[in-house]
Amino acid sequence: LWQDVLAQGKDTLPPGAADIWLKTCLPLSLEGGVLALDVPNVFIKEQIQSRFLVPLQELLLSRGVAQGVELQVASEIRPNEQKRAEAAAQLVVPKNGLNPNYVFDTFVVGKSNRLAHAASLASAESPGVAYNPLFIWGGVGLGKTHLMHAIGHYVSENLPGAKVVYVSSEKFTNELISSIQNNRTQDFKAKYRSVDVLLIDDIQFLADKESTQEEFFHTFNSLHDAKKQVVISSDRPPKDIQRVEERLVSRFEWGLVTDIQPPDLETRVAILQKKAELRGYVVPEDVIFFLAQNIPSNIRELEGALNRVVACSELNGEPISTERAAEWLKDIIRNVLRGPVSIDLIQHLVAESFGIPVEELSSSKRTSDLALARQIAMYLSREYTEASLQQIGYGFNKKDHTTVLHACRKIDELLKNDLRVKSIVDNVRKKL
Ligand code: ADP
Ligand code: MG
């Protein structure tokens with residue numbers, strides 16, 4: 001990967017940067033999105049910092065390698081040096097705060113995100129007109145931020161004068177607080193009430209922040225009245241957002257509320273193929289399929305696994321194969337299939353309580369006890385494992401995740417007043 005960066009750097013970084021300066025550095029680690037580089041001495045470090053740290057960070061970001069760089073001089077780590085290294089590691093935020101990789105072109109559309117994608121595209125094509133506000137919710141790493149940035153890029157390109165602001169609700173809160181401290185609330189209001197498209201991410205973080213909610217309420221009203229587009233994301237649907245004022249939550253439902261579900265197997269394969277292609281990785285088809293099948297449906301982890309496999313193959317000089325990938329990803333895969341509580345374990349315990357052979361749970365037999373046992377096992381798998389509905393379905397030989405969804409609802413219902421079901425479930429819970 002580093003060699004790749006150097007090769008690319010020849011064209012995109014200032015002359016000499018890659019051939020003279022960066023060539024002397026060695027990649028040390030890549031953790032938490034920060035690439036640590038071992039730099040031979042303080043002089044070289046200062047040269048890199050003053051001449052092309054920002055373009056280097058942008059290059060790494062655009063290649064999806066890292067979000068920040070930390071320069072370490074192995075022999076001379078002095079206290080203030082340390083501080084400077086920290087400053088250097090600050091994440092690069094491109095001018096408009098939008099990640100250049102998060103565009104519609106790189107977003108793979110599948111059943112699980114089709115509506116959210118279509119609604120985002122519509123809002124990007126005619127901001128303020130189609131759906132206002134557009135509210136997108138879904139679990140972590142499923143593409144909410146990607147879609148919001150894509151809207152931002154699209155509008156900026158197609159309506160050049162438009163003012164697009166992307167902000168996380170945390171940053172919104174911090175900006176408000178600092179504007180109050182510095183007597184600059186007027187500037188804050190002016191900034192947010194004059195935008196054409198406001199993209200506000202992870203709104204659930206406004207919980208309990210009353211004055212921020214108040215301010216956001218007014219911002220929202222003023223933008224909405226002026227027919228300016230507001231796009232909001234959250235990890236849950238509006239009605240489940242707690243400790244946020246009712247009047248605000250009800251406004252979230254004025255426009256369109258749409259969700260993103262964990263991707264199914266085909267979509268996971270397509271996403272991996274897309275990511276591999278974008279990064280110029282050559283990964284055999286069966287390995288892509290292996291990753292898609294075995295990694296939790298969180299797309300961020302899927303991407304991480306792909307990066308890890310490619311990096312391991314390069315570092316070890318070994319070609320990528322399913323066997324090697326399984327080895328390199330041992331820790332991740334074990335968590336899914338054989339974690340502390342696995343679907344398998346749950347199946348065994350439930351089968352035991354019913355006195356039925358465990359294989360029957362994955363059969364297609366439908367006697368009433370068996371059906372109940374199967375539903376309880378699915379319900380507990382949902383509760384105790386990280387597996388998606390789809391993955392739980394596979395665990396029971398069911399292609400369709402709606403069976404699992406149905407089972408979960410059914411057991412939820414039964415637990416309210418069916419004492420037998422309640423005692424079985426409690427019993428298995430104790431053993432877990
Ligand atoms: P969220 O904001 O929902 O937690 P992100 O938007 O940050 O998730 O997505 C996590 C990662 O997964 C990003 O790198 C993003 O590019 C990628 N990703 C998510 N959904 C898709 C998709 N449908 N196609 C391609 N990449 C995706
Ligand atoms: Mg996000």
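Start at 1 and go down the list; that is how both ligands and their atoms are numbered.
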Give the residue and atom name of whichever protein heavy atom lies nearest to atom 20 (N) of ligand 1, and the separation in Å to one decimal.
Ile299 CD1, 3.2 Å
Arg300 to ligand 1, any heavy atom closer than 4.0 Å
yes
Quick one: do the Thr267 and Asp264 side chains pair a donor with an acceptor below 3.5 Å?
yes
Are any side-chain N or O atoms of Glu175 and backbone N or O atoms of Val167, one a donor and one an acceptor, separated by less than 3.5 Å?
no
Any atoms of ligand 1 less than 4.0 Å from a non-hydrogen atom of Val140? List them with their elements.
4 (O)
For atom 24 (N) of ligand 1, the closest protein heavy atom turns out to be Val108 N, 2.8 Å
Can we call the ring centroids of His153 and Phe104 under 6.0 Å apart?
no
When you measure from the centre of the six-membered ring of Phe396, is the NZ or CZ of Arg374 closer than 6.0 Å and no more than 45° off the axis?
no
Can you list the atoms of ligand 1 that are under 4.0 Å from a heavy atom of Ile271?
22 (C), 23 (N), 24 (N)
Closer than 2.8 Å to the Mg ion (ligand 2): does that hold for any N, O or S atom in Met148?
no
Might you confirm whether atom NZ of Lys431 has over 12 heavy atoms from other residues, nucleotides or ligands at distances under 6.0 Å?
yes
Where is the nearest protein heavy atom to atom 2 (O) of ligand 1: which residue, which atom, and how far?
Thr145 OG1, 2.7 Å
Assess Gly141 for proximity to ligand 1: is some non-hydrogen atom of it under 4.0 Å away?
yes
Over 12 non-hydrogen atoms of neighbours within 6.0 angstrom of CZ in Arg184:
no
Please work out, at 4.0 Å between heavy atoms, whether the side chain, the backbone, both, or neither of Asn113 comes within that distance of ligand 1.
side chain
Got more than 12 heavy atoms from elsewhere within 6.0 Å of NZ, Lys10?
no
Atom 15 (C) of ligand 1 - nearest protein heavy atom and its distance
His146 ND1, 3.4 Å
Applying side chain to side chain donor-acceptor pair (under 3.5 Å), run through Asp201 and Thr145 and close with a yes or a no.
CA-CA 7 Å; Asp201 212 350; Thr145 300; 2.7 Å; yes
Quick check: does any side chain N or O of His149 sit under 3.5 Å from a backbone N or O of Val103, one acting as donor and the other as acceptor?
no
Is any side-chain N of the basic residue among Glu303 and Lys274 closer than 4.0 Å to the acidic one's carboxylate O?
no
Nearest heavy atom to atom 19 (C) of ligand 1 wins, so pick from Ala270, Ser234, Gly143, Ala150.
Gly143
Which atoms from ligand 1 have a heavy atom of Gly139 less than 4.0 Å away?
3 (O)
Give me the nearest non-hydrogen protein atom to atom 26 (N) of ligand 1 as residue plus atom name, then the distance to 0.1 Å.
Lys275 NZ, 3.0 Å
Just let me know how Glu303 lines up against ligand 1, side chain, backbone, both or neither, with a heavy-atom cut-off below 4.0 Å.
side chain
Give me the nearest non-hydrogen protein atom to atom 25 (C) of ligand 1 as residue plus atom name, then the distance to 0.1 Å.
Thr106 O, 3.3 Å
